[in-house]
Amino acid sequence: MVISNNLYYNALVVRYPEGDLALERNINILGDDIGDKLYTVIEGNSLTQLANFFYGDSGLWYVIADKNNIDNIFSLEVGVNLIIPNINRT
C-alpha cells in the first residue's frame with residue numbers, strides 16, 4: 001500500500017497493491033495540541049508506516065503509540081481514529 005499526497009483538500013489518496021484507490025480524510029485538530037491530525041486506520045496500516053508517512057521516519061512510531069495509549073503496537077484496529085501529534089512545534 002502506498003499513501004501519497006494529492007490535490008484533494010484535507011485528504012490522502014491510498015493506493016493498494018491490487019490497484020484500488022481510497023480517499024482518506026486528514027483533519028487538523030484544533031485545541032490544546034494545535035497542529036495534531038486525526039487519521040482513521042485502514043486495513044494494512046502499521047505504526048511504522050504511519051510514522052514514516054507523517055514524520056519521514058518510521059522510527060518515530062512510538063510518538064503515535066504514546067499519544068493514543070496503544071498497548072499492542074503490532075495490531076491496529078481498522079476504523080479507529082488515531083491522533084497524529086505535531087512534532088514540529090516551535
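The structure presented is a predicted model; accordingly, all values stated were derived computationally and were not measured.
At least one side-chain heavy atom of E77 sits less than 4.5 Å from a side-chain heavy atom of V80. For the pair I64 and Y55, the minimum side-chain heavy-atom distance is below 4.5 Å. Using a 4.5 Å cut-off on side-chain heavy atoms (C-beta onward), I87 and V63 make contact. Counting heavy atoms from C-beta on, the side chains of L47 and L76 come closer than 4.5 Å. Residues L82 and L50 meet the side-chain proximity criterion, which asks for heavy atoms closer than 4.5 Å.
At least one donor-acceptor pair under 3.5 Å links the side chain of N68 to the backbone N or O of I83. Side chain of N45 to backbone of V41: no donor-acceptor contact under 3.5 angstrom is found.
Residues meeting the side-chain contact (heavy atoms from CB on, under 4.5 Å) test with N69, sequence neighbours left out: none. Remark: S58 pairs with no residue by the side chain to side chain donor-acceptor pair (under 3.5 Å) rule, at least two apart or across chains.
Heavy-atom contacts from other residues, nucleotides or ligands closer than 6.0 Å to CG of D20 number more than 12.
Taking both residues in full, the closest heavy atoms of L60 and A51 are given as C-CB, 3.7 Å, listed atom of the first, atom of the second, then distance. The shortest heavy-atom contact between I84 and Y39 is CG1-CB, 3.9 Å. The two residues N81 and L38 come nearest to each other via the heavy atoms CB-CD1, 3.4 Å.
When hydrophobic clusters are built by joining Ile, Leu, Val, Met, Phe, Trp and Tyr residues whose side-chain heavy atoms come closer than 4.5 Å, directly or via intermediates, F74 is grouped together with I42.
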